[in-house]
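Heads up: numbering here begins at 1 and tracks the sequence.
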Amino acid sequence: DGYLNESLWYTDEVSEEVWIADWVMLGQRYRDNDTVVAFDLNNEPHGEATWGAGAEATDWDAAATRCAEAVHAVNPDVLIIVEGVQTVNNDWYWWGGNLRGVLTDPIVLSIDRKLVYSAHEYGPEIYEQAWFSDASFPENLNALWDYFFGFIMQEELGHVYMGEFGIKDELGADGRALQWFERFMAYIGPSYSWAFWCLNPNSADTGGILMDDWETVHRWKVDALTPFMAPMIE
């Protein structure tokens, strides 16, 4: 229940060894289940989490590699999703959204085709980051995304799955929320994989695709997402 305070993949109560063992158990459990296709190893590493710093206790990239190899030993078919961190070389971004470390310290797995990088991205409704109030907004956004995660796709260093992004109100943040959202959808286009946050209406930050009755949809959200959806699987 204290997930907001859990910056790393382990705590005083749950060690890294237990964390890996739990993932291995899930790998075994769902090994023959075709509907379970990926494991997102840890949600939004942030704070003291590092990438490629040579610090065993905090290097998320090294821990993710250890966990992934253990999972693939029992389930070689599952995709391994590795989110970014918050800070790399004093460059700060969203929790779990900073994949800059991949440029110098990429994840290397024995089954490399099963690796997926992931970032989270939000607009000014969630937090008034400095780039939202910059005079060049929204023209500054593409360069920002290029820097923190887009280079992976551009330089063919791997695939990026946008594991979270969402918007609550078309008029949010004096209209800047919609500007951010439309610019972001155009940026990821048909190339990125993604999941929208969220379906349910009770997220305080973003609301959901569903309205408070849990049945009616916010049509404007669905209409905005539809052009970027993958075709239905027959």
message: Show every salt bridge (Lys or Arg N to Asp or Glu O under 4.0 Å) that has at least one partner inside residues 192-216, sequence neighbours left out.
response: none
task: Start with the C-alpha gap between Leu109 and Thr65, add the side-chain angles, then the distance that decides, and say whether side-chain contact (heavy atoms from CB on, under 4.5 Å) holds.
output: CA-CA 7 Å; Leu109 301 183; Thr65 302; 4.1 Å; yes
task: Could you go through the side-chain contact (heavy atoms from CB on, under 4.5 Å) check for Val82 and Val116 one step at a time?
output: CA-CA 6 Å; Val82 180; Val116 180; over 6 Å; no
- prompt: Does Thr87 reach the side chain of Trp51, with side-chain heavy atoms less than 4.5 Å apart?
  reply: no
query: Which pair of heavy atoms, one from Glu44 and one from His46, lies closest together, and at what distance?
result: O-ND1, 2.8 Å
Cluster check Ile188, Ile126: I/L/V/M/F/W/Y, side chain < 4.5 angstrom: yes
- line: Distance col, row Asp77:CG vs Asp32:CG, nearest 0.5 angstrom, shows 8.5 Å
task: Give, for atom OG of Ser118 and atom CH2 of Trp194, the distance between the pair rounded to the nearest 0.5 Å.
output: 13.5 Å
- prompt: If you round to the nearest 0.5 Å, how far is CD1 of Ile20 from CH2 of Trp9?
  reply: 10.0 Å
message: Distance to the ring centre below 6.0 angstrom and angle to the axis at most 45 degrees; does that hold for Arg100 and Tyr147?
response: yes
task: Mind checking ring-ring contact (aromatic ring centres under 6.0 Å, His included) for Trp197 and listing every partner two or more places apart, or none if nothing turns up?
output: none
- prompt: So, Lys168 side chain and Ala204 main chain: donor-acceptor pair closer than 3.5 Å or not?
  reply: yes
message: For a 4.5 angstrom cut-off between non-hydrogen side-chain atoms, does His218 reach Leu210?
response: no
- prompt: How far apart are the closest heavy atoms of Ile80 and Ala68, and which atoms are they?
  reply: CG2-CB, 3.8 Å
task: Take the angle between the ring planes of Tyr192 and Tyr187 and call it parallel below 30°, perpendicular above 60°, tilted in between.
output: tilted
task: Answer whether the closest heavy-atom distance between the side chains of Val37 and Val78 falls below 4.5 Å.
output: no
- prompt: Tell me, do Met162 and Ser193 make a side-chain contact under 4.5 Å, heavy atoms counted?
  reply: no
Value rounded to 0.5 Å, distance of CZ in Phe196 from CD1 in Ile167: 7.5 Å
- request: Measure across Trp180 and Pro124 and return the closest heavy-atom pair with its distance rounded to 0.1 Å.
  value: CB-CD, 4.2 Å
task: Using only heavy-atom distances, determine whether the side chains of Asn200 and Asn202 contain a donor-acceptor pair under 3.5 Å.
output: yes
message: Are Val160 and Leu41 connected into the same hydrophobic cluster when the rule is that any two of I, L, V, M, F, W, Y join if their side-chain heavy atoms are below 4.5 Å apart?
response: yes
- request: Please confirm whether the backbone N or O of Thr58 pairs with a side-chain atom of Thr50, one donor and one acceptor, at under 3.5 Å?
  value: yes
task: State, with a plain yes or no, whether a side-chain heavy atom of Thr35 is found less than 4.5 Å away from one of Tyr30.
output: no
message: Is there a continuous path of hydrophobic side-chain contacts, each under 4.5 Å between heavy atoms, that joins Trp92 to Leu103?
response: no
- request: Spell out, yes or no, whether Ile111 and Val74 are grouped together once hydrophobic residues are joined by side-chain heavy atoms under 4.5 Å, including indirect joins.
  value: no
- line: Smallest heavy-atom separation, Gly158 atom then Met153 atom, equals O-SD, 3.8 Å
- prompt: Should we count CH2 of Trp220 as having more than 12 external heavy atoms under 6.0 Å?
  reply: yes
task: Indicate yes or no for a side-chain donor-acceptor contact from Glu83 to the backbone of Ala119 under 3.5 Å, with no hydrogens or angles considered.
output: no
- prompt: Between Glu121 and Tyr93, do the side chains contain an N or O donor and an N or O acceptor separated by less than 3.5 Å?
  reply: yes
message: Grouping I, L, V, M, F, W and Y whenever their side-chain heavy atoms are under 4.5 Å apart, do Leu199 and Val217 come out in a common cluster?
response: yes
- prompt: Residues two or more places apart in sequence or in another chain: which of them pass salt bridge (charged side-chain N to carboxylate O under 4.0 Å, His left out) with Asp174?
  reply: none
Worked verdict on Thr206 versus Glu125 for side-chain contact (heavy atoms from CB on, under 4.5 Å): CA-CA 8 Å; Thr206 63; Glu125 290 175 306; 5.7 Å; no
message: For Asn98 versus Val88, what's the shortest heavy-atom pair and its separation?
response: ND2-N, 3.4 Å
All pairs passing salt bridge (Lys or Arg N to Asp or Glu O under 4.0 Å) where residues 52-76 contributes a residue, at least two apart: Glu16-Arg66
query: Would you say Tyr10's side chain and Glu17's backbone share a donor-acceptor pair under 3.5 angstrom?
result: no
Close side-chain approach of His120 and Asn43, heavy atoms under 4.5 Å: yes
query: Would you call the rings of Trp19 and Trp60 parallel, tilted or perpendicular if under 30° counts as parallel and over 60° as perpendicular?
result: tilted
task: Taking side chain to side chain donor-acceptor pair (under 3.5 Å) as the test, write out the residues that go with Thr226, two or more places apart.
output: none
task: Quick one: closest heavy-atom pair of Arg113 and Leu79, and the distance?
output: O-CD2, 4.3 Å
message: A quick test of your reading: do over 12 heavy atoms of other residues, nucleotides or ligands sit less than 6.0 Å from CG of Asp223?
response: yes
query: What is the distance from atom CG of Leu171 to atom CG of Leu178, rounded to the nearest 0.5 Å?
result: 8.0 Å
task: Go through the steps to decide whether Phe149 and Tyr117 satisfy the test ring-ring contact (aromatic ring centres under 6.0 Å, His included), and finish with yes or no.
output: CA-CA 9 Å; Phe149 56 80; Tyr117 292 111; over 10 Å; no
message: Run Ile81 and Tyr161 through side-chain contact (heavy atoms from CB on, under 4.5 Å) and show every step you take.
response: CA-CA 8 Å; Ile81 297 175; Tyr161 161 67; 3.9 Å; yes
Note, Leu26 side chain near Phe39 side chain (heavy atom, < 4.5 Å): yes
task: Flag the pair Glu128 and Arg176 as a salt bridge only when some basic side-chain nitrogen lies within less than 4.0 angstrom of an acidic carboxylate oxygen.
output: yes
query: Judged by modelled atom types alone, do Ser110 and His72 share a side-chain donor-acceptor pair under 3.5 Å?
result: no
message: Show every salt bridge (Lys or Arg N to Asp or Glu O under 4.0 Å) that has at least one partner inside residues 134-162, sequence neighbours left out.
response: Glu139-Arg183
- prompt: Do any N or O atoms from the side chain of Trp131 and from the backbone of Asn140 form a donor-acceptor pair under 3.5 angstrom?
  reply: no
field: Flag side-chain contact, heavy atom, 4.5 Å: Pro201 against Met211
entry: no
Distance in Å, Tyr122 OH paired with Phe181 CZ, rounded so as to fall on 0.5 Å steps: 11.5 Å
